[in-house]
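A quick note: this is a predicted structure, and the numbers were derived from the prediction, not measured. Atoms considered below: every heavy atom in the structure, side chains included; atoms not considered: hydrogens, waters and symmetry mates.
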Amino acid sequence: MGPYVGLEQSHQIELTPEMRLGVKIMAMPVLELASLIEDKTMENPFLLIDEEAPESAQKTPSERRAESSSAMSRTEALDEDAWEHGVEPGVWDASWEDGRATGALASASPAPDDLLMGAADERKSPEEALLSQLSCDLRDEMDIQIARRLLDGIDERGYLHMDTDFVADEMGVEPNRVERVLWQMQRGCTPAGIGARSLAERLVAQLESAKLADAITRRVIENHLSDLAEGRLAQIADALKVAPSDIKRSFDKIRMLDPDPMSAFESASPLMVPEVSVVRGDGGWTVKLRRGLLPSVAFNESYADLLETCTMEARTAKQLQALIREAKGFLRAVDLRSAAIAAIARVVVERQSAFFDEGQTGLRALTMAEVAEATELSEATVSRVANSIAMDSPQGVRSLRFFFTSGVRSTESGDDVSSLAVKQAIRELVNGEDPRSPLSDGKLVALLEERGLSVSRRTVNKYRTALGILSKSKRKIYE
């Protein structure tokens with residue numbers, strides 16, 4: 001059949017610009033949204049930051065703060081509207097009162113400018129953070145320049161791939177001066193061990209930084225790491241002509257060290273500012289969204305009223321109407337984002353209340369489909385919010401994504417227990433085992449069953465491997 005020209009009908013879903021903006025805003029972390037609000041108020045004359053509003057322009061900061069406090073007391077009158085948005089009464093902020101959309105719920109928080117400036121300071125690269133620490137220890141400007149050059153040769157795992165003699169020739173200094181700066185980098189920075197040229201050098205640097213170094217442990221690291229990994233403590237003792245108990249003490253010290261110190265920087269990035277706070281109330285755990293993280297953006301009613309009294313060309317009027325629709329759509333999107341965050345967070349806290357009491361062992365299996373059904377939101381919306389929002393609680397700051405996990409059936413309660421809780425139980429059992437007779441995967445299955453967790457041996461092996469726990473034979477210590 002040859003090529004031909006013809007007509008055919010088809011159906012497809014096309015998102016309007018307002019819908020695309022709503023999807024984008026729903027997935028935005030708070031710092032990005034704050035920046036977008038600032039940009040939008042610069043681009044669209046029908047949007048303004050509350051502090052720029054004409055009625056507040058002539059008022060002092062103390063008067064504006066007083067007005068803000070009185071506005072908070074009026075939120076009780078909005079409880080009926082709050083339920084329509086799926087938000088607990090008394091928590092929803094009057095985001096559309098007086099044409100204003102704040103996109104946040106009532107709770108104490110730092111001033112927005114202070115928080116954003118602090119966040120910008122915290123978002124340093126690993127190189128910047130290390131150089132900042134070294135600048136306090138290295139007084140000589142040349143030493144700081146040497147440190148900066150050495151940092152250029154450090155890979156993503158924190159190992160140095162640059163010859164110190166090359167750096168000395170390049171900078172016109174003695175090689176021992178470069179070695180001295182490198183020594184300071186390895187031991188004076190937090191975390192220690194960055195800039196090492198081998199695993200052994202890294203572990204020795206961490207030992208000395210923690211003031212745990214001794215001759216036997218140093219020799220074990222420098223000459224017998226492979227034997228140590230296989231649990232051959234007796235052979236190491238024979239080779240070094242020391243007692244097995246001495247090797248056991250060295251082994252305990254080495255287990256405290258971190259072979260991958262750069263992971264400390266990975267866990268701190270990307271920066272997540274918690275928009276949700278979980279606090280204990282009289283009736284249990286309650287959810288509050290933090291006021292002040294976002295600029296208070298409002299619709300410029302005065303400007304819109306002024307335009308109604310003006311005569312203009314039809315083309316100009318059409319352009320201004322488009323800007324008005326865009327402004328109202330933006331405010332609505334910010335408003336809906338806050339409503340979705342509050343509703344999703346409330347369901348998560350309700351379903352995972354045991355976590356806030358017991359920690360990770362209290363996590364229950366939870367899917368986005370369950371939360372979507374409970375909040376009457378789409379699963380895609382739940383996913384976008386979970387990926388971009390962080391929650392602050394007595395258990396620390398966690399991404400909402402953390403609370404969505406697969407699980408296994410509990411034989412005691414009949415509920416699905418989170419896989420993270422099972423991993424935590426495995427970790428606790430291994431940490432409490434006798435190193436001379438470590439637990440096999442089969443024994444771990446039996447002990448988990450006693451805790452009401454029914455898992456297969458294959459699942460235990462999978463979780464143990466994911467936790468970085470060695471097999472029974474490699475964990476065994478021979479004396």
Side-chain angles (χ1 to χ4, degrees), residues 137 150 153-165 175-264 426-441 443-444 461 464-479:
D137 298 324
L150 289 171
I154 290 178
D155 66 12
E156 66 277 1
R157 298 178 59 203
Y159 285 108
L160 179 66
H161 294 282
M162 183 180 288
D163 188 73
T164 53
D165 289 337
N176 62 351
R177 184 170 186 176
V178 178
E179 288 289 342
R180 187 172 64 250
V181 172
L182 181 61
W183 187 93
Q184 182 63 38
M185 179 186 297
Q186 293 174 357
R187 292 158 178 78
C189 290
T190 303
I194 293 175
R197 289 156 289 195
S198 66
L199 176 60
E201 187 177 33
R202 169 169 289 174
L203 297 179
V204 169
Q206 292 181 1
L207 273 177
E208 293 181 353
S209 176
K211 302 188 184 332
L212 296 174
D214 61 75
I216 295 176
T217 305
R218 184 189 294 271
R219 290 169 64 192
V220 170
I221 291 174
E222 292 175 346
N223 303 302
H224 298 281
L225 276 182
S226 58
D227 291 332
L228 195 66
E230 297 294 332
R232 295 194 285 263
L233 273 62
Q235 291 90 322
I236 299 174
D238 291 341
L240 298 182
K241 295 181 172 53
V242 297
S245 58
D246 292 332
I247 303 301
K248 177 61 170 62
R249 281 192 291 271
S250 295
F251 179 59
D252 290 339
K253 289 182 180 181
I254 294 170
R255 285 204 298 182
M256 298 168 58
L257 306 179
D258 183 6
D260 186 19
M262 290 296 283
S263 62
I426 292 173
R427 192 196 306 274
E428 291 174 357
L429 290 171
V430 171
N431 287 343
E433 71 185 3
D434 182 355
R436 292 167 296 184
S437 179
L439 301 172
S440 65
D441 288 348
K443 184 61 175 177
L444 288 172
N461 181 279
R464 176 179 58 73
T465 303
L467 291 169
I469 299 174
L470 300 175
S471 64
K472 172 186 175 181
S473 61
K474 292 185 178 181
R475 295 201 311 272
K476 185 172 182 177
I477 295 177
Y478 300 90
E479 295 186 355

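Atom OH of Tyr159 sits about 11.5 Å away from atom CE of Met262, to the nearest 0.5 Å. The distance from atom OG of Ser226 to atom CD1 of Ile236, rounded to the nearest 0.5 Å, is 8.0 Å. In this structure, Ile221 CD1 and Ile254 CD1 are separated by 4.0 Å, a value rounded to the nearest 0.5 Å. In this structure, Asn461 CG and Ile426 CD1 are separated by 9.5 Å, a value rounded to the nearest 0.5 Å. In this structure, Arg180 CZ and Trp183 CH2 are separated by 11.0 Å, a value rounded to the nearest 0.5 Å. Atom-to-atom distance recorded for Ile194:CD1 and Met185:CE is 9.0 Å, nearest 0.5 angstrom.
Taking all atoms of both residues into account, the shortest heavy-atom contact from Pro191 to Pro261 is CG-O, 3.3 Å. Leu470 and Ala229 make their closest contact through CD1-O, 3.9 Å (heavy atoms, listed as atom of the first residue, atom of the second, distance). For Asp155 against His161, the heavy-atom pair with the smallest separation is OD2-NE2, 2.8 Å. When all heavy atoms of Ser250 and Ile216 are compared, the closest pair comes out as OG-CG2, 3.6 Å. The minimum heavy-atom distance linking Met256 with Leu212 is given by the pair CE-CD1, 4.3 Å. Contact between Arg187 and Ala205 at its shortest, heavy atoms only, is CG-O, 3.8 Å.
Proximity of Met162 to Val178: side-chain heavy atoms (C-beta onward) are nowhere separated by under 4.5 Å. Inter-residue side-chain proximity for Leu240 and Asp246 is flagged as unmet; no heavy-atom pair is nearer than 4.5 Å. Using a 4.5 Å cut-off on side-chain heavy atoms (C-beta onward), Arg218 and Glu208 make contact. The closest side-chain heavy-atom distance from Leu233 to Leu228 is below 4.5 Å. Asp165 places a side-chain heavy atom less than 4.5 Å from the side chain of Pro175. Using a 4.5 Å cut-off on side-chain heavy atoms (C-beta onward), Ile247 and Val242 make contact. Contact of the Leu207 side chain with the Thr217 side chain is registered, since non-hydrogen atoms from C-beta on lie closer than 4.5 Å. Contact check for Val430 versus Arg464: no side-chain heavy atoms found under the 4.5 Å cut-off.
Counting only distance, with no hydrogens or angles, the side chain of Arg202 and the backbone of Arg197 share no donor-acceptor pair below 3.5 Å. Checked by atom type and distance alone, the side chain of Glu179 never pairs as donor or acceptor with a backbone atom of Thr164 at under 3.5 Å. At least one donor-acceptor pair closer than 3.5 Å links the side chain of Gln186 to the backbone N or O of Gly195. Between the side chain of Gln206 and the backbone N or O of Ala192 there is at least one donor-acceptor pair closer than 3.5 Å.
Classification of Asp214 and Arg249 as a salt-bridged pair fails, no side-chain N sitting under 4.0 Å from a carboxylate O. Between Arg436 and Asp434 a salt bridge is recorded (basic side-chain N to carboxylate O distance below 4.0 Å).
The local environment of NZ in Lys472 is sparse, with at most 12 non-hydrogen atoms from other residues, nucleotides or ligands closer than 6.0 Å.
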